[in-house]
Protein chains: 2
Amino acid sequence: MISTSSKYAIKGVLFLAMHSSEAKKIMVKDICTPINVPQAYLAKLLQELSRQKIISSTRGPKGGFYLSDENRSQPLIKIVHAIDGQRRMNACVLSLKTCDENRPCPLHKLVSPAKKQFIKSLKEKTIENLANNIANGISFLPL
Amino acid sequence: MISTSSKYAIKGVLFLAMHSSEAKKIMVKDICTPINVPQAYLAKLLQELSRQKIISSTRGPKGGFYLSDENRSQPLIKIVHAIDGQRRMNACVLSLKTCDENRPCPLHKLVSPAKKQFIKSLKEKTIENLANNIANGISFLPL
DNA sequence: TCTTTAATATGACAAATATCATATAATTCC
DNA sequence: GGAATTATATGATATTTGTCATATTAAAGA
């Protein structure tokens, strides 16, 4: 459904949401350990997100990655679309090209409501929303 | 969530459910084309399912794969457990070892109800159920 | 302006997963 | 019992995906 890369990206962004600000940028090497993602791999992912303006970054001393207020207000699905592309998440469970509401595959009815609900959540919930949950002890971001 | 192998296996089994019987066994080479799965790959998967008694088979002339009545009455989840193992399907969205109801990851609440519902369906619906849907034009099994 | 710092770009390497090939064993039919 | 047929077992190859390494570019501070 979502790739390992997207999972890592989400973890990274949530970490930034919790610990960074325009005034307090964070380097990859200080993010990778607490979220348990290989440094070079995380770097690549954050670079991609930065290029797509989903997170912010500056280089040089005092530089690093961070989230602007605008970044924070974006829905989670932007992250997975940025990393996995639009298709992956919407693909049929059996990966059938022809599967849709009109010609559903045998599993379509079993999965469709669940997946729609999940995608809806990803579109509605912002990065900030989830970060707040973590801050309030409602959810956890361990290794 | 479920692997390509499981998808292929499900397609294969549903094809057998529709076209085979104890009296009418079918060879892999006659299954792979209509469901659009590479022959040798499908063979391997069906062999595994056969070994785990999820489908039936006999070798030699007039042999092939088929579904007994008992086979048909089994829930779908058996197929995916046989191919992917028990863990994969139940794993956390972010692949966090420590994620559970007590210490949910940030995405847990967004995904959990959807996934539970899907797994429940896989446990309830039998191979026969889905085959009937296909037979009745409610769902479709194309390439 | 020079040095240091940290992101960026690019591509090589590794591991996992999907795909294919070959030899063997069991069953049928003659 | 022998030839043909089809599943089984095992392992090799290819592709995808994840991981790592290196050189380059931009910013900061002296």
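Protein chains get the first letters and strands the later ones, always in sequence-line order, with residue 1 at the start of each. What you see below is based on every heavy atom in this structure, not just the backbone, and it leaves out hydrogens, waters and symmetry mates. Nothing here was measured: the structure is a model prediction, and the numbers come from that model.
- OP1 or OP2 of C/dA7 has not a single side-chain nitrogen or oxygen of A/R51 nearer than 4.0 Å.
- With the nearest nucleotide of DNA chain D identified for both A/K25 and B/Q47, B/Q47 has the one nearer the 5' end.
- A/Y66 has its OH atom 13 Å from the C1' atom of D/dA27, to the nearest Å.
- Looking at B/K120 and B/E124, a side-chain N of the basic residue comes within less than 4.0 Å of a carboxylate O on the acidic one, giving a salt bridge.
- If you measure from atom CG of B/L45 to atom P of D/dA7, you get 14 Å, rounded to the nearest angstrom.
- For A/T4 and B/F65, each mapped to the nucleotide of DNA chain D holding its nearest heavy atom, the one lying further toward the 5' end belongs to B/F65.
- With hydrogens and angles ignored, a donor-acceptor pair under 3.5 angstrom links the side chain of A/K44 to the base of C/dG11.
- B/K62 places its NZ atom 16 Å from the C1' atom of D/dA7, with the value rounded to the nearest Å.
- The B/P38 side chain lies nearest to C/dT19 when the options are C/dA7, C/dT19, D/dC20.
- Of the side-chain N and O atoms in B/Y8, one or more sit less than 4.0 angstrom from OP1 or OP2 of C/dT19.
- The pair B/E101-B/K116 meets the salt-bridge criterion, since a charged nitrogen lies less than 4.0 angstrom from a carboxylate oxygen.
- Rounded to an integer number of Å, the gap from B/K29 NZ to D/dA7 C1' is 12 Å.
- Here C/dT17 presents its P atom at 13 Å from NZ of B/K7, a figure rounded to the nearest Å.
- Contact annotation: A/T58 side-chain N/O to C/dA6 OP1/OP2 distance is not under 4.0 Å.
- Separating the CZ atom of B/R59 from the P atom of C/dC29 is a distance of 17 Å, rounded to the nearest angstrom.
- Shown here is A/K7, whose NZ atom has more than 12 heavy atoms of other residues, nucleotides or ligands within 6.0 Å.
- For the pair B/Y66 and B/S57, the tightest heavy-atom approach, listed with the atom from each and the gap, is CE2-N, 3.8 Å.
- Comparing B/Q39 and B/G60 by the nucleotide of DNA chain C whose heavy atom lies nearest to each, the residue mapping closer to the 5' end is B/Q39.
- Put simply, OH on A/Y41 is 16 Å from P on D/dT16, counting in whole angstrom units.
- The phosphate of C/dT8 has OP1 or OP2 within less than 4.0 Å of a side-chain N or O from A/S57.
- No side-chain donor-acceptor contact under 3.5 Å links A/S139 and A/N133.
- The residue among A/P61 and B/A40 whose nearest nucleotide of DNA chain C is located toward the 5' end is A/P61.
- For A/I83 and D/dT16, the CD1 to C1' distance is 17 Å, given to the nearest whole Å.
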